[in-house]
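Here the structure is laid out as structure tokens; the discussion comes afterwards.
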Amino acid sequence: MKKLITTLTNIWKIEELRNRILNTLLFLLIYRVGCHVVLPGVNPDALVQHKEGGNDILNLINMFAGGSFSRAAIFALGVMPYISASIVVQLLGIAVPAFQKMQKEGESGRKKMTQITRYLTVAITLVQAIAYVKTQIGPEAKTIADPMFSILSAIVLTAGTLFVMWLGEKITDKGIGNGISLIIMAGIIAQLPAGITSEWASRMSPSGGGPIPLLLEFVALFFVVIFTILIVQGVRKIPVQYAKKIVGNKQIGGVRQYIPLKVNAAGVMPIIFAQAIMFLPMSLTQFFPNVQSDFLTSLSNYTSVTYNVVFALLIIAFTFFYTAIMVNPQQMSEDMKKNGGFIPGVKPGYETNLFIDNVISHITFPGAIFVAIIAILPAIATLFGVNNQFAHFYGGTSLLILVGVVLDTIQQIESHLLMRHYDGLMKTGRVKGRSTATTVEGYDQSAL
């Protein structure tokens with residue numbers, strides 16, 4: 001406790017760090033207030049009645065939006081359109097030569113791609129806003145007649161998403177941590193009290209089992225979080241030796257560095273891609289009621305064995321796919337060769353390329369299996385009687401995001417402390433965030 005108080009005191013003493021933390025809290029408070037401001041022309045009471053029949057997929061989307069999705073708030077779409085646009089631009093940067101050229105232009109190229117991402121965000125938000133108004137707000141909840149209501153709501157929802165995107169950029173610029181990630185984390189954490197309350201109520205009911213099962217659930221959640229931290233932090237270090245050079249009276253090079261290859265280099269992207277595909281069977285059954293089969297029905301139930309097996313296989317496949325896109329062994333080998341670096345015992349060039357690719361393949365497979373296990377844990381928790389709201393915190397995208405963002409933010413706070421010669425947050429060593437990685441000649445393997 002004394003160590004904690006001393007650390008908090010040191011944090012408060014650093015004016016820049018104190019201001020950044022206060023700015024972050026202020027921006028997050030603004031976001032949370034906006035999540036409770038209902039769209040103009042919507043009757044909240046009628047909307048609640050309309051939402052009672054929501055399904056598990058919509059509950060998951062609502063959790064990422066901080067509850068604003070079910071409230072028809074001005075921030076109902078959250079930052080998801082911006083994330084979708086970022087993913088599209090990122091993939092274009094791999095497949096389209098013009099985008100590849102922009103990526104190599106440095107700061108000016110980055111600004112161009114940021115601007116393209118913003119324009120694409122507006123287009124995606126407009127489409128999603130129209131779909132949201134048509135499908136999620138019933139006629140009984142509208143107090144303004146169509147088409148004026150749809151036009152007004154689409155404009156407000158688009159402006160709300162752009163404002164949230166601006167808040168995220170401001171947090172990154174004037175706050176602590178990554179703004180967009182913190183906004184997503186704030187939305188997820190906002191649903192935690194409701195999940196705990198509902199689980200408490202269900203366990204304390206006459207047929208709930210009492211406090212012992214509830215205590216076991218929290219113990220299990222603790223170990224799941226520890227397991228997730230191990231996956232997020234897991235790194236395989238490849239030693240790189242640099243040749244010695246004598247320039248005048250000085251010796252340059254001759255040092256050993258490491259290429260940190262992460263066990264989970266793909267981050268949460270495989271789960272997001274797999275979930276997007278798993279939404280398709282449910283969409284087919286909704287739009288084509290005549291197309292019914294036991295297989296499609298089981299794929300629409302996220303607790304079924306068929307759903308989880310297919311979901312896990314998709315995650316493993318997408319983990320290999322996304323890792324292959326994000327990690328380029330050939331580029332790493334060429335950069336090392338240009339700068340006089342080599343892996344001890346491995347010839348530079350093609351053999352180095354093969355060695356790195358082989359290491360990536362060996363660590364990606366167990367990493368993909370572990371991520372798949374984390375992704376299906378909420379379904380397993382539900383089968384063991386955990387309330388649906390609380391079960392989402394046992395794994396999946398939400399838990400990976402929470403763990404990764406918390407580690408990143410703590411690591412940035414510790415960097416400010418160490419830079420001013422204060423003790424770090426840990427006695428045994430520095431906190432390693434997802435983005436904490438040794439760069440080798442421009443190669444940075446920071447997680448998404």
Side-chain angles (χ1 to χ4, degrees), residues 26-89 114-171 179-180 182-188 190-191 194 276 279 282-283 286-287:
L26 175 62
F27 290 136
L28 291 178
L29 177 62
I30 294 172
Y31 168 68
R32 290 306 305 158
V33 171
C35 289
H36 292 269
V37 178
V38 182
L39 285 170
V42 173
N43 181 1
D45 297 331
L47 187 68
V48 170
Q49 295 175 2
H50 178 67
K51 290 292 176 184
E52 286 178 353
N55 54 51
D56 295 327
I57 303 299
L58 294 182
N59 291 335
L60 184 64
I61 297 173
N62 184 51
M63 182 176 67
F64 285 112
S68 58
F69 188 88
S70 62
R71 299 189 195 101
I74 58 175
F75 294 161
L77 300 180
V79 294
M80 300 312 290
Y82 175 75
I83 293 174
S84 301
S86 300
I87 293 172
V88 170
V89 172
T114 301
Q115 199 67 15
I116 293 172
T117 303
R118 289 171 178 168
Y119 288 136
L120 187 58
T121 300
V122 174
I124 293 175
T125 308
L126 279 172
V127 174
Q128 291 187 358
I130 295 171
Y132 176 82
V133 172
K134 295 294 184 182
T135 59
Q136 300 302 314
I137 302 178
E140 68 279 3
K142 300 176 182 178
T143 59
I144 300 176
D146 276 325
M148 181 56 67
F149 175 79
S150 298
I151 296 172
L152 178 63
S153 298
I155 294 173
V156 173
L157 286 170
T158 304
T161 294
L162 295 179
F163 181 75
V164 173
M165 183 178 68
W166 177 83
L167 280 178
E169 293 176 354
K170 285 299 177 184
I171 291 174
I180 298 297
L182 281 170
I183 285 175
I184 296 174
M185 186 189 74
I188 295 172
Q191 302 303 301
F279 288 165
M282 179 172 292
S283 301
Q286 287 181 347
F287 287 102

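All values derive from a computational prediction rather than experimental measurement.
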All heavy atoms of Leu152 vs all of Pro40, minimum pair found to be CD2-CB, 4.1 Å

Residues Ala72 and Ile137: closest non-hydrogen pair is CB-CD1, 4.2 Å

Interatomic distance, CE@Met80 vs CZ@Phe69, rounded to 0.5 Å, equals 11.0 Å

In this structure, NZ of Lys142 is separated from CG of Leu39 (nearest 0.5 Å) by 11.5 Å

OH of Tyr31 to CD1 of Ile183, rounded to nearest 0.5 Å, is 6.5 Å

Nearest heavy-atom approach of Leu157 to Ala73 is CD2-O, 3.6 Å

Fit a plane to each ring of Phe27 and Trp166, take the angle between them on a 0 to 90° scale, and name the class: parallel (under 30°), tilted (30 to 60°) or perpendicular (over 60°). perpendicular

One should read off an interatomic distance between Thr125 OG1 and Ile130 CD1, to the nearest 0.5 angstrom, of 11.0 Å

Rounded to the nearest 0.5 Å, the OH atom of Tyr82 sits from the OG1 atom of Thr117 at a distance of 6.0 Å

* Can you check whether Ile83 reaches Ile184 side chain to side chain, under 4.5 Å on heavy atoms? -> yes

(message) Do Lys134 and Ser150 make a side-chain contact, defined as non-hydrogen atoms from C-beta onward lying under 4.5 Å apart?
(response) yes

Closest non-hydrogen atoms of Ile144 and Phe149, given as atom of the first, atom of the second and distance, are O-CB, 3.3 Å

In short, Ile74 meets Gly34 closest at the heavy-atom pair CG1-O, 3.5 Å

Original post:
Do Leu28 and Ile171 have side-chain heavy atoms sitting under 4.5 Å apart?
Top reply: yes

Closest heavy-atom pair, Ala186 versus Arg32, reported as atoms and distance to 0.1 Å, is O-CD, 4.5 Å

CG (Asn43) and OG1 (Thr143) are apart, to the nearest 0.5 Å, by 7.0 Å

